[in-house]
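Note that ligands are numbered from 1 as they come in the structure, with each ligand's atoms numbered from 1 the same way.
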Amino acid sequence: MIDPTRVRAALAERQDNFSLPQPFYTDEAFHRLDLDAVFNDEWLFACNSCELREPGDYLTLEIGATSVLVLRDMDGEIRAFFNTCRHRGSRICLEEKGHAHRLTCPYHQWVYDLDGALLHARQMPAGFEREGYGLRAVHVEIVCGMVYICLAATPPDITRFRDAVTPYLAPHQPWRTKVAASVTMIEEANWKLVIENNRECYHCAANHPELLATLVEFALPDDPAGSRDFRLLMEAQAAKWDRHGLPHLPADGGDEFRCIRLPFHRGAVSFTPDGSPACGKLLGELTDPDLGSVRMFRVPNNWNHFLADHIIHFRILPLSATRTVLRTTWLVHEDAVEGVDYDVDTLTSVWNATNAQDARLAANNQLGVGSLGYAPGPYAPSEFMLRNFTNWYARKLASHLDGAHGQRSIALKVSNG
Ligand code: FES
Ligand code: FE
């Protein structure tokens, strides 16, 4: 365990509105602290509920050394469990995705129901009480079809987030979708550098030609850096969104989340090379393909775009101090037909290119941050979201050190069916 004095010294050294001191980005002991203080304590985006369409569908994800199993049970409810057998601790589901009506541990074949109850434990003696050995549950919350999980025994309140983002997301009916494509890539960078890179578009003009063909690089409707043309576009689109009853002004997410609807460039309606729709079948009951995009971000591991014709979820999880896994999932209406309504290459090419460019930027950032020559540098005004993020992160660590969350390291709720 890391010496708290070292962490407090690094936090004290941190300057507001500057990038973080080096160890936060490079040191494996700080990485383990991030797992404890942030990833084992916060709500994490796992997947869209459509990825668990049928009872028995499951997926797994790794949060540090902890594998979590997210599944749909026979009653249609989405549940999550530690993917660790209650016999001697083997991992149970070894694949990233699968389908099963019972969960059988590969080691000695203890069998669990999808509600976590232990059904069979062969050769155990008479009197063995299976009820005490159900899978340990992980908290689950569904927000407009997005599945969030939390490992903490007492999770932080998610109500404010849910209430704030639902009016923006619900018109897109993210729960009535299907996965059109999913890409997993490893970024050679600390997870905070991946988030910082994602939270600003200061780098976009020089690095993202495909993205900027359609995306407006300004982050606020009244962005001081915005051109006159942007302001006129924003006014016209905002008036239209008002007519549709679609919220668009920034939600009050503080440092924890952000939700806002912003337009595409004039003439563009979607993240395609030429701005034309990516999917002919619009989401939910939407009828206008030109709704811009709801950009929703939530600490610590999720950002998204909700368009009229598709949704993109981005999920990161840290692998080490200097490696992060990014999973990007493109969703279209559940009834959309590939080859008729959409083409996967057209749907994914802009963000595949953008992700590859961002991965290079973040890896270069990591290399420079690891150098003897690194010193924290000042954020530009357009990097205001990095200030929000690093302030949130510093508070999270400080509160962890103060013990506010120390007692809720893992959930120990046992499922008895
Ligand atoms: Fe799972 Fe033995 S460790 S059955
Ligand atoms: Fe980028």
Can R298 be said to sit on top of F161's aromatic six-ring, NZ or CZ under 6.0 Å from centre and within 45° of the ring axis?
yes
Can the ring centres of F24 and Y393 be said to be less than 6.0 Å apart?
yes
Ring centre gap for W191 and F39 strictly below 6.0 Å
yes
Close-contact set for ligand 1 against [X] heavy atoms, below 4.0 Å:
X: W110; value: 4 (S)
X: S90; value: 3 (S)
X: Y107; value: 2 (Fe), 3 (S)

Indicate the atoms forming the closest heavy-atom contact of Y133 with W110, along with that distance.
CB-CZ3, 4.2 Å
If I compare all heavy atoms of A336 with all of K178, which pair ends up nearest, and what's the gap?
O-NZ, 2.6 Å
The Fe ion (ligand 2) to nearest N/O/S of C204 less than 2.8 Å:
no
Closer than 2.8 Å to the Fe ion (ligand 2), do we get an N, O or S atom from H203, backbone or side chain?
yes
What is the name of the N/O/S atom in D358 that sits closest to the Fe ion (ligand 2)?
OD1
Identify the closest protein heavy atom to atom 3 (S) of ligand 1: which residue and atom is it, and at what distance?
R88 N, 3.4 Å
Is C105 close enough that one of its N/O/S atoms sits under 2.8 Å from atom 1 (Fe) of ligand 1?
yes
Of the backbone and side-chain N, O or S atoms of H108, does one lie nearer to atom 1 (Fe) of ligand 1 than 2.8 Å?
no
SB check K240 D290 (cutoff 4.0 Å):
yes
Option from T177, D57, V147 for which side-chain contact (heavy atoms from CB on, under 4.5 Å) with C50 holds:
T177
Closest to atom 2 (Fe) of ligand 1, among the N/O/S atoms of H87, is atom ND1
